[in-house]
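The structure under discussion appears below in the form of structure tokens.
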Amino acid sequence: MERLTPDDGIFRDEDALRDHFPDRILERDDKLAEYQSRFKEVVRNKRPRNVFVYGPTGVGKTIGTKAVFQNLERSIEAFDYEASRFDEPSLRTVHLECKDLNTSYQVAAHLLNRLRSATNRDRVSTTGYPEGEIYRMLFEELRQVDTSHVLIALDEIDNIGGDDNILYKLPRCNNDNSAAYVDPAATKVGVVGITNDGTFRESLDPRAKSTLCDQEIHFPPYDAVELETIVEDRAAVAFHDDVLSQDVVPLTAALAAQRSGYARTALDLLYEAADNARSADDARVTENHVKTAEESIQQGAIVEEIRGLSTHGTLVAYAMLRLSEGEELPAKIDKIYAWYKQFAEQVDVDPVTSRTIHNTLNDLMVNGTVTSEEVNKGRSGGRHYEYELGCRAEILLDGLEGDSRIGPVDGRL
DNA sequence: CTTCCACAGGAAAAGCCGGGGT
DNA sequence: ACCCCGGCTTTTCCTGTGGAAG
């Protein structure tokens, strides 16, 4: 076996494509300006409003929040309050990841510890207290914080299962009719809720919703032009000079924008393409590398999707595969359904109705596993779809391989 | 221009869990 | 142990659709 060496003609620092760049956020100036403006009360030493931030992963919600908080602190530092009619606020910010905190209780306990860590006072155990006691300690701590303002960002709040207690109590603790009242004269509290689950807001308890979602900021996916700037920026660090062909970055950005609009998608794609180029000992990364990488990523997605399919979905996929082998595609749904039904009976599964299979086929079309074409033969045939395999049969086979559910199937109509 | 094919896909009802509460 | 509720899937029902045939 050949020895590995650290020499690399392509990458200067591939980590630039894999890690976050915490210090840099591009193409979000307008969004961040809008975001920051929601906190203008803070620099005026007034009560902050609560903000609800939503948008898919990897579009800058988390670093954007950190940047906004940081800039608020700087804004306060830079402003000459002595010469103004405003009192100078002081700001404490906490960014809490709720990813592994599954209950309101856990969130409250971790929040309490984060607040205490600055003053190095005793941390509390994150288990064992009565729930009410944890809240009592938390709000007591908030009252005693030595800054005029506390801004709390709860990241990935959709992970807080169970009850919405903390999401109800915390955002309204400055309201004097709140059970857990924190006098704004002592501490003004603002809560930022961050989530990538678009439906989360609707699932909130209406009381929590109205206070937490007082102000909303939506982070949309990046478009191709924005992605190009981001990829360009990272590529300058990640690669040696002149390694990327002219159109590699624009193509990467365009494909990623089409697929998801996430920065992560674009960077992964470029990494994959460049890694392939390196493995093939090519001196430069070309558009072809990008295209090949995109294709293999999409095929991987199809294989993954098929592996994750329900029993019925698997049987439909299998039916499509067999129809394709028999050169019977494209086929109408009736035919696919007939095959599906036969296989289902063979493996002793109750077949679902054709309406459901109709939906299943639509699901398979999202990833391009199958495609369809509208056919209209008027009075002699009507209007319907003809379904065709959207990927090579081997890919389907790959996804179905080893699936015990279709092991015993051996049908032919 | 009207009719009519044959299915697409929306809407609502029905069925089916899983998790709490009692 | 039992039941009830909410959320999700499946079934049932039915209207809408575009172009060829008449």
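Below, each value reflects all heavy atoms present in this structure, side chains not excepted, and no hydrogens, waters or symmetry copies. In what follows, chains carry the letters A, B, and so on, assigned in the order in which the sequence lines appear, proteins first and then strands, with residues in each chain numbered from 1. Note that this is a predicted model, so its numbers are computed, not measured.
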Quickly work out the [X] [atom1] to [N] [atom2] distance and round it to whole Å.
{"X": "A:I357", "N": "B:dG9", "atom1": "CD1", "atom2": "C1'", "answer": "15 Å"}
{"X": "A:R379", "N": "B:dC1", "atom1": "CZ", "atom2": "C1'", "answer": "12 Å"}
{"X": "A:N359", "N": "B:dG9", "atom1": "CG", "atom2": "P", "answer": "9 Å"}
{"X": "A:D363", "N": "B:dA8", "atom1": "CG", "atom2": "C1'", "answer": "15 Å"}
{"X": "A:L315", "N": "C:dT10", "atom1": "CG", "atom2": "P", "answer": "13 Å"}
{"X": "A:K332", "N": "B:dC5", "atom1": "NZ", "atom2": "P", "answer": "13 Å"}
{"X": "A:E373", "N": "B:dA8", "atom1": "CD", "atom2": "P", "answer": "14 Å"}
{"X": "A:K341", "N": "C:dT10", "atom1": "NZ", "atom2": "C1'", "answer": "15 Å"}

Open item on the list: Looking at A:Y129, is its backbone amide N or carbonyl O close enough to the side chain of A:Y105 to form a donor-acceptor pair, meaning the two atoms are under 3.5 Å apart?
Closed with: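 Side chain of A:Y105 to backbone of A:Y129, a donor-acceptor pair under 3.5 Å: yes, one is there.
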Open item on the list: Are the side chains of A:P89 and A:Y81 in contact, using a 4.5 Å heavy-atom criterion?
Closed with: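 The answer is yes; the side chains approach within 4.5 Å.
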Can you tell me if the side-chain N/O atoms of [X] get under 4.0 Å from OP1 or OP2 in [N]?
{"X": "A:K377", "N": "C:dG19", "value": "no"}
{"X": "A:T356", "N": "C:dT11", "value": "yes"}
{"X": "A:H358", "N": "B:dG9", "value": "yes"}
{"X": "A:Y385", "N": "B:dA6", "value": "no"}

Task: Test: A:R28 cationic atom under 6.0 Å from A:Y222 six-membered ring centre, within 45° of axis - done: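 Yes, A:R28 lies over the aromatic ring of A:Y222.
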Give me the distances for all protein-to-nucleotides 15-17 of chain B N/O pairs that come in under 3.5 Å?
none

Without hydrogens or angle criteria, can the side chains of [X] and [Y] be said to hold a donor-acceptor pair below 3.5 Å?
{"X": "A:H358", "Y": "A:Y337", "value": "no"}
{"X": "A:T57", "Y": "A:N196", "value": "no"}
{"X": "A:E388", "Y": "A:T371", "value": "no"}
{"X": "A:T265", "Y": "A:S260", "value": "yes"}

Task: Residue among A:I166, A:N113, A:V182 satisfying side chain to side chain contact (heavy atoms under 4.5 Å, CB included) with A:L138 - done: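 Only one of A:I166, A:N113, A:V182 forms a side chain to side chain contact (heavy atoms under 4.5 Å, CB included) with A:L138, namely A:I166.
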Open item on the list: Applying a 4.0 Å non-hydrogen cut-off, can you work out what A:N362 is touching in the nucleic acid: base, sugar-phosphate, or nothing?
Closed with: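 If one applies the 4.0 Å heavy-atom cut-off, A:N362 turns out to touch the sugar-phosphate alone, with no base involved.
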TODO: Determine whether any donor atom in the side chain of A:N376 lies under 3.5 Å from an acceptor atom in the base of C:dG18, or the reverse, and answer yes or no.
DONE: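 In this structure, the two groups form a donor-acceptor pair.
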Considering only side-chain heavy atoms of [X], which listed nucleotide, [options], is closest?
{"X": "A:T353", "options": "C:dG19, B:dA6, C:dT11", "result": "C:dT11"}
{"X": "A:S380", "options": "C:dA20, C:dT10, B:dA8", "result": "C:dA20"}
{"X": "A:R355", "options": "C:dT12, C:dT10, C:dT17", "result": "C:dT12"}

TODO: Find which nucleotide of DNA chain C each of A:S354 and A:G378 is nearest to by heavy atoms, and output the residue with the more 5' nucleotide.
DONE: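 Residue closer to the 5' terminus by nearest nucleotide: A:S354.
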